Amino acid sequence: MTSENSDVIRKQVEQYLSNKDLEIELEDTNKEYTIVYSTNILAQESDDTSKLTRNYWINQNKNGGQISSPWGSYEHAQQLSLVANLIIFAKYKIKSITKGWKMICQKCGSEQQGPIWRNSLKSCEQCGTQYKPEDKTKISAS
């Protein structure tokens, strides 16, 4: 890979990781692991949207399990370099970039959406029906 291509990748990674509304998934070449970069509201401060933090964790695709819990907020400059190097040298691919979520209530048909995938509603704002995982869809950034 040329240094020009590496610079393009680094700039693209900077753009993605700087946007707190995007969730980025990287996948290794064997499709065994996915590294997820996302924004969460810290559990102990779940009602305060000013307490958003960027997190990352690893999912094991083969067994369908999350290997580690989110590791708290990350140091932005360090993660820019890590993600760019995973793509450039370890040949990780961007599996998906999600810019939000959409939910349709199965009971009343109300549609709600928002920017941060991990912080979606638990129940319908119109009728109070609890959402099921299959009611939630990702909105792709591409």
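Just so it is clear, the model here is predicted, and its values are computed rather than measured.
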Suppose we screen for side chain to side chain donor-acceptor pair (under 3.5 Å). Which residues come up paired with [X], at least two apart in sequence or across chains?
X: Ser110; result: Gln112
X: Asp28; result: none
X: Tyr92; result: none

What are the two closest non-hydrogen atoms of [X] and [Y], and how far apart are they?
X: Trp101; Y: Pro115; answer: NE1-N, 4.1 Å
X: Gly109; Y: Ile104; answer: O-CG2, 4.0 Å
X: Cys127; Y: Cys105; answer: SG-SG, 3.6 Å

Nearest 0.5 angstrom please: [X] [atom1] to [Y] [atom2], how far?
X: Ser96; Y: Ile94; atom1: OG; atom2: CD1; value: 9.5 Å
X: Lys122; Y: Thr129; atom1: NZ; atom2: OG1; value: 16.0 Å
X: Ile97; Y: Ile139; atom1: CD1; atom2: CD1; value: 14.5 Å
X: Leu82; Y: Ile87; atom1: CG; atom2: CD1; value: 10.0 Å
X: Met103; Y: Ser123; atom1: CE; atom2: OG; value: 9.0 Å

May I have the list of side-chain donor-acceptor pairs in residues 7-15 shorter than 3.5 Å, sequence neighbours left out?
unit_1, atom_1, unit_2, atom_2, d
Arg10, NH1, Asn85, OD1, 3.4
Arg10, NH2, Asn85, OD1, 3.2
Gln12, NE2, Tyr16, OH, 3.0
Glu14, OE2, Ser18, OG, 2.8

Polar side chain donor-acceptor pair, Thr29 to Lys91, under 3.5 angstrom: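 No - no donor-acceptor pair under 3.5 Å links their side chains.
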Glu4 atom CD: more than 12 heavy-atom contacts under 6.0 Å: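 Not buried by this count: 12 neighbours or fewer within 6.0 Å.
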side-chain contact (heavy atoms from CB on, under 4.5 Å) assessment of Tyr33 paired with Asn59: CA-CA 6 Å; Tyr33 299 99; Asn59 289 332; over 6 Å; no
Ser120/Tyr131 under side-chain contact (heavy atoms from CB on, under 4.5 Å): CA gap, chis, key distance, verdict: CA-CA 10 Å; Ser120 60; Tyr131 283 120; over 6 Å; no
Residues forming a salt bridge (Lys or Arg N to Asp or Glu O under 4.0 Å) with Lys138, sequence neighbours excluded: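 Checked Lys138 against salt bridge (Lys or Arg N to Asp or Glu O under 4.0 Å); matches are Glu23, Glu25.
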Gln79 and Tyr56: CA distance, side-chain angles, deciding distance, side-chain contact (heavy atoms from CB on, under 4.5 Å) verdict: CA-CA 10 Å; Gln79 291 305 312; Tyr56 64 105; 3.5 Å; yes
Salt bridge (Lys or Arg N to Asp or Glu O under 4.0 Å): pairs with one or both residues in residues 93-116, sequence neighbours excluded: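 Pairs touching residues 93-116 that pass the test: Glu27-Lys95.
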Option from Ile88, Leu26, Ile35, Ile24 for which side chain to side chain contact (heavy atoms under 4.5 Å, CB included) with Val83 holds: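 With Val83 as partner, side chain to side chain contact (heavy atoms under 4.5 Å, CB included) holds for just one option, Leu26.
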